[in-house]
K.L.:
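Can you keep this structure in mind? I'll have questions shortly.
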Amino acid sequence: MPIWKITDQGPTQVSQTDLKQEHLLEQNLEDWIEANHALLGEQLLIVGRQVLIPDVNDRIDLLALDPQGNAVIIELKRGKLTDPVDMQALRYASYVSKWTFEDFERQARIYSGKVGDADFNFNDEYESFCTDAGADEVPDINSDQR
């Protein structure tokens with residue numbers, strides 16, 4: 001399905017391209033999403049980038065929380081897939097499902113560069129995010145993963 005751009009002269013079809021052709025990498029996708037969460041179509045609180053999963057010595061591209069407190073695993077792929085991505089995401093979700101509030105707090109501290117900062121309060125940051133997103137109550141973290 002084509003994408004259209006509306007101009008003063010009317011709609012014009014946007015030419016199709018791909019990331020490889022544009023010399024873009026997964027890192028570029030991560031940068032864009034990190035800078036503008038709206039690219040994913042929802043409000044998210046990013047708490048980590050290239051998050052190490054020690055159990056498997058692998059990394060989640062981006063880890064976020066949604067306003068319902070769900071962990072959101074964002075795994076990006078740029079080129080042809082060799083492995084089933086859905087299984088990779090499910091595997092990551094199963095590891096993250098064991099995380100506590102403290103695990104998310106530690107990850108958010110690392111992500112924001114606040115390791116050792118006594119003034120960093122992840123709970124306040126999370127509550128503020130939920131409130132700004134329109135949540136009536138601040139939900140528990142990580143009751144579900146997606």
Side-chain angles (χ1 to χ4, degrees), residues 1-6 13-146:
M1 180 170 156
I3 298 175
W4 299 86
K5 179 179 181 179
I6 306 302
Q13 188 172 346
V14 175
S15 60
Q16 188 173 2
T17 186
D18 62 35
L19 295 173
K20 185 176 183 179
Q21 179 183 343
E22 299 296 328
H23 306 290
L24 296 169
L25 306 171
E26 266 185 38
Q27 179 180 344
N28 298 110
L29 295 173
E30 289 176 25
D31 292 342
W32 297 340
I33 292 168
E34 192 174 35
N36 186 355
H37 313 139
L39 286 170
L40 297 178
E42 62 181 305
Q43 293 179 302
L44 296 171
L45 175 64
I46 305 284
V47 295
R49 180 172 177 172
Q50 292 299 312
V51 177
L52 179 64
I53 305 294
D55 300 339
V56 292
N57 200 26
D58 207 350
R59 295 180 182 273
I60 297 172
D61 291 337
L62 292 165
L63 179 63
L65 292 166
D66 67 17
Q68 292 75 43
N70 301 316
V72 180
I73 290 92
I74 303 166
E75 187 59 29
L76 304 167
K77 299 297 178 204
R78 179 192 83 127
K80 287 191 175 188
L81 303 176
T82 56
D83 294 327
V85 177
D86 52 351
M87 293 308 293
Q88 183 182 19
L90 287 170
R91 189 173 61 246
Y92 291 166
S94 74
Y95 293 121
V96 171
S97 71
K98 302 169 191 157
W99 284 21
T100 64
F101 178 90
E102 289 76 19
D103 294 317
F104 280 90
E105 179 179 36
R106 182 174 48 257
Q107 182 55 54
R109 220 176 246 290
I110 292 167
Y111 176 69
S112 64
K114 305 284 183 174
V115 174
D117 183 350
D119 293 332
F120 178 76
N121 188 321
F122 178 64
N123 193 57
D124 286 350
E125 188 175 318
Y126 175 64
E127 286 182 6
S128 178
F129 163 73
C130 291
T131 302
D132 292 346
D136 295 331
E137 282 186 30
V138 176
D140 290 336
I141 285 181
N142 204 24
S143 58
D144 202 0
Q145 305 74 41
R146 56 188 189 89

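Numbers here are sequence positions counted from 1. Just so it is clear, the model here is predicted, and its values are computed rather than measured. Just so you know, these numbers use all the heavy atoms, side chains as well, and skip hydrogens, waters and symmetry mates.
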K.L.:
Would you give the length of the straight line joining atom CD of Glu105 to atom CD1 of Ile141, rounded to the nearest 0.5 angstrom?
P.N.:
9.0 Å

K.L.:
By the side-chain hydrogen bond (donor to acceptor under 3.5 Å, both in side chains) test, which pairs, at least two apart or in different chains, include something from residues 136-146?
P.N.:
Glu42-Arg146, Asp66-Arg146, Asn142-Gln145

K.L.:
Identify the heavy atoms of Leu65 and Val72 that sit nearest to each other, and give their distance.
P.N.:
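Looking at all heavy atoms of both residues, the closest pair is C-CG2, 4.4 Å.
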
K.L.:
Which distance, rounded to the nearest 0.5 Å, do you find between the CG of Leu44 and the CG of Leu39?
P.N.:
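So the gap between those two atoms works out to 11.0 Å.
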
K.L.:
For the residue pair Pro67 and Cys130, what are the closest heavy atoms and their distance?
P.N.:
O-SG, 3.9 Å

K.L.:
For a quick test of reading the model, state the closest non-hydrogen atom pair linking Ala71 to Phe104 and the distance between them.
P.N.:
CB-CZ, 3.8 Å

K.L.:
Check the surroundings of atom CD1 in Ile3: do more than 12 heavy atoms from other residues, nucleotides or ligands lie under 6.0 Å from it?
P.N.:
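Not more than 12 within 6.0 Å, no.
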
K.L.:
Could you tell me the separation between the CD atom of Gln43 and the CD atom of Gln68, rounded to the nearest 0.5 Å?
P.N.:
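Between atom CD of Gln43 and atom CD of Gln68 there are 9.5 Å.
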
K.L.:
Applying side-chain contact (heavy atoms from CB on, under 4.5 Å), run through Leu63 and Val47 and close with a yes or a no.
P.N.:
CA-CA 6 Å; Leu63 179 63; Val47 295; 3.9 Å; yes

K.L.:
How long is the gap from CD1 on Ile73 to OG on Ser94, to the nearest 0.5 Å?
P.N.:
9.0 Å

K.L.:
Which residues satisfy the side-chain hydrogen bond (donor to acceptor under 3.5 Å, both in side chains) test with Asp132, sequence neighbours excluded?
P.N.:
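None.
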
K.L.:
Side-chain contact, heavy-atom cut-off 4.5 Å: Arg49 with Ile74?
P.N.:
no

K.L.:
Shortest non-hydrogen contact from Trp99 to Gln107?
P.N.:
CZ3-CB, 4.2 Å

K.L.:
State whether the side chain of Tyr126 and the backbone N or O of Pro139 hold a donor-acceptor pair below 3.5 Å, judged by distance alone.
P.N.:
yes

K.L.:
Roughly how far, to the nearest 0.5 Å, is CG of Leu62 from CD of Glu34?
P.N.:
6.5 Å

K.L.:
In terms of heavy-atom contacts, does NZ of Lys5 have more than 12 from other residues, nucleotides or ligands at under 6.0 Å?
P.N.:
no

K.L.:
Locate the shortest heavy-atom distance separating Lys114 from Phe120; write the atom from each residue and the value.
P.N.:
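For Lys114 versus Phe120, the nearest heavy atoms are CG-CD1, 3.5 Å.
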
K.L.:
Glu127 and Asn123: side-chain donor and acceptor closer than 3.5 Å?
P.N.:
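Side chains of Glu127 and Asn123: pair found under 3.5 Å.
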
K.L.:
Would Val51 and Val96 count as a side-chain contact (heavy atoms from CB on, under 4.5 Å) here? Give the steps.
P.N.:
CA-CA 10 Å; Val51 177; Val96 171; over 6 Å; no

K.L.:
Go through Ile33 and Leu76 one step at a time and tell me if the side-chain contact (heavy atoms from CB on, under 4.5 Å) criterion holds.
P.N.:
CA-CA 10 Å; Ile33 292 168; Leu76 304 167; 3.7 Å; yes

K.L.:
Tell me the closest heavy-atom pair linking Asp58 and Arg91, and the distance in Å.
P.N.:
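The answer is OD2-NH2, 4.1 Å.
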
K.L.:
Counting N and O atoms only, with roles assigned by atom type, does the side chain of Arg109 sit under 3.5 Å from a partner on the main chain of Phe122, one being a donor and the other an acceptor?
P.N.:
no

K.L.:
May I have the step-by-step check of side-chain contact (heavy atoms from CB on, under 4.5 Å) for Asp61 and Gln50, ending in yes or no?
P.N.:
CA-CA 5 Å; Asp61 291 337; Gln50 292 299 312; 3.3 Å; yes

K.L.:
Give a yes or no on this: more than 12 heavy atoms of other residues, nucleotides or ligands lie within 6.0 Å of atom CG of Asn36.
P.N.:
yes

K.L.:
Counting N and O atoms only, with roles assigned by atom type, does the side chain of Ser128 sit under 3.5 Å from a partner on the main chain of Glu125, one being a donor and the other an acceptor?
P.N.:
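Between the backbone of Glu125 and the side chain of Ser128 there is no qualifying donor-acceptor contact (under 3.5 Å).
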
